[in-house]
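In this chain, residues are counted from 1 in sequence order. It should be emphasised that the depicted structure is a prediction, and the values quoted were computed from it without experimental measurement.
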Amino acid sequence: MDDADPPAGQSLWRHADFLKLWSAQTISAFGARISREGLPWTAILTLQAGPSALGVLAALSRGSGLIVGLFAGGLVDRSRRRTIMIAADLIRAGLLIAVPILALMHHLTIWVVYAAALLVGGASVLFDIADQAFLPSLVDRSQLVDANGKLAATDGMAEMGGPAITGGLIQLLGAPFALAVNAVTYLASALFLGSLRKAEIRAEIDTEAAAPTRLGDLVAGFQALNGDPVVRAVAIVVLIQGLFGGIFSALYMVFAIRGVGLAPAILGLTIAVGGIGSLLGAVVGPWLARRLGLGAATALTSLAYGLGLVFIPLAHGSVAEGTAFLVASQLVGDAFGTAAMIGLTSLRQARLAPEVMGRAGAALAAGGGALAIIGALGGGMLGAMVGLRAGMAVAVAGFIGAGLLALASPIRTAR
């Protein structure tokens, strides 16, 4: 046993390599909020981009999951996952540091921002695919729920503090130069990952059966997702959430501003409350898994996630009353959404073979990315046709449907 490995079942607080991975992801989670807000603000404040340009920017950011999912699975499964994660960090750092440099040279254009959004988004999806495939090789399977819960907790903290940090950096340095701070966070993440002591053993793949082509890898990934009834149900739930999440993302901000009357600053604070909800979910998810079993907890929290979003289309009355509805949704919905995500991810990691983990994750990213784009484009048209509130109700109904499916599927009895 490696010195960095504690005995199976021992607390992750004494698992040196997990703590380094956790530190890397904590730093990069806060950094990711800078680029998420910083690139649009760069387009708005530095390049005076209009709504259509921002729509293209959002589509490029969301579409990266589809693009990367088409080819990343085989790469992840045939390579050392930690190496890919470090490379993704370095790529993101290099791309983001180029933006302020080009701004200083007066060569920054909207096309540079488009390219940065697409490539940084793609590197982030690649990192996530490799990360989810890497974690089961780092910790014992019995520790997956605990590990995913800890990672989700710091992601919730980043969602709480990240927007405020980003706003301060943009105010102090300017939008393009705030991205340089994000580049430093990715470099720090790469250093932590490079310091892991446990040697990673590449999973053995039957190269003939794997059909090492993009199409073959994608097919193998979907076959892996379809081969286990629990994993198949997990994938269907995640894909449904991706489709209706696209509708949700297209309508939420405009509904909050125009339908409820929130000022942008209040909307930012309302969204930050979701970080508190995510932090609560990171605690509640593992606790429910211990009490009810992982499958039952995952199914119930998936349904509760959808029900928690019902507060959004119900928001009405004065601005203060409408804000209260949205805050309630951020707290309850994000709490159960995070708890459900921990369970769905842990079930997939625990039941898939190591040699297909990357291709399965890539197939899920590709499918989810395609459905998210369809949902986002359809959501805009739906909002124009039936109104913002009715469009939000359709999105919420989709999430409730995904939760009901989880409750009726083999997920409920999985362990």
Side-chain angles (χ1 to χ4, degrees), residues 59-85 87-88 118-119 121-137 141 144 200-246 341 344-378 402 405-406 409-411 414:
L60 288 171
S61 299
R62 296 187 69 87
S64 55
L66 170 61
I67 297 170
V68 173
L70 294 176
F71 72 86
L75 174 66
V76 170
D77 280 340
R78 297 183 182 91
S79 308
R80 288 184 170 84
R81 283 85 185 252
R82 181 175 59 145
T83 302
I84 292 176
M85 293 160 68
L118 178 65
L119 296 175
S124 297
V125 173
L126 179 61
F127 182 98
D128 291 342
I129 293 170
D131 175 38
Q132 292 185 8
F134 177 66
L135 184 63
S137 69
R141 285 197 174 193
L144 282 172
E200 182 185 358
I201 301 174
R202 283 188 296 181
E204 293 295 328
I205 300 176
D206 183 346
T207 55
E208 292 184 4
T213 64
R214 292 180 186 178
L215 179 60
D217 286 335
L218 198 60
V219 169
F222 280 114
Q223 287 176 337
L225 293 174
N226 190 54
D228 180 281
V230 173
V231 175
R232 180 168 59 248
V234 166
I236 292 172
V237 169
V238 170
L239 291 174
I240 292 174
Q241 290 177 342
L243 174 63
F244 288 94
M341 179 273 294
L344 292 167
T345 302
S346 299
L347 282 172
R348 179 162 55 89
Q349 289 171 327
R351 299 181 73 93
L352 285 175
E355 61 270 16
V356 297
M357 199 81 71
R359 283 168 290 172
L364 199 56
L371 290 173
I373 294 172
I374 293 170
L377 295 175
L405 176 62
S409 75
I411 291 175

- prompt: Is the shortest heavy-atom distance from the side chain of Q241 to the side chain of L344 under 4.5 Å?
  reply: yes
message: Assess the residue pair V238 and R348 against the criterion (side chain to side chain contact (heavy atoms under 4.5 Å, CB included)); give the C-alpha distance rounded to whole Å, side-chain angles, the decisive distance to 0.1 Å, and a yes or no.
response: CA-CA 11 Å; V238 170; R348 179 162 55 89; over 6 Å; no
field: Straight-line distance of S137 OG to R80 CZ, nearest 0.5 Å
entry: 11.5 Å
- request: Output the distance between atom CD1 (I84) and atom CG (D131), rounded to the nearest 0.5 Å.
  value: 11.5 Å
query: What are the two closest non-hydrogen atoms of A402 and I240, and how far apart are they?
result: CB-CG2, 3.7 Å
query: Heavy atoms, side chains only, cut-off 4.5 Å: are L225 and F222 in contact?
result: yes
query: Which distance, rounded to the nearest 0.5 Å, do you find between the CE of M85 and the CD1 of I129?
result: 12.0 Å
- line: Note: A233 and P410 closest approach over all heavy atoms is CB-CD, 4.2 Å
message: In the structure I gave you, are the side-chain heavy atoms of L239 and L243 within less than 4.5 Å of one another anywhere?
response: no
task: Could you check if a side-chain atom of V231 sits within less than 4.5 angstrom of a side-chain atom of L347, using non-hydrogen atoms only?
output: no
message: Can you pull out every salt bridge (charged side-chain N to carboxylate O under 4.0 Å, His left out) where at least one residue sits in residues 223-237? Sequence neighbours excluded, please.
response: D228-R351
message: I need the minimum non-hydrogen distance between A360 and A224, along with the two atoms involved.
response: CB-CB, 4.2 Å
query: Does R78 reach the side chain of D217, with side-chain heavy atoms less than 4.5 Å apart?
result: yes
query: Rounded to the nearest 0.5 Å, how far apart are CG of D77 and CD of E355?
result: 8.0 Å
message: Closer than 3.5 angstrom, by distance alone: can the side chain of Q132 be matched with the main-chain N or O of Q349 as a donor-acceptor pair?
response: no
message: Is the shortest side-chain heavy-atom distance between V76 and L126 below 4.5 Å?
response: yes
- prompt: If you take all heavy atoms of M357 and R81, which pair is closest and at what distance?
  reply: CB-NH2, 4.2 Å
task: List the atom of R359, the atom of A220, and the distance in Å for their closest heavy-atom pair.
output: NH1-CB, 3.8 Å
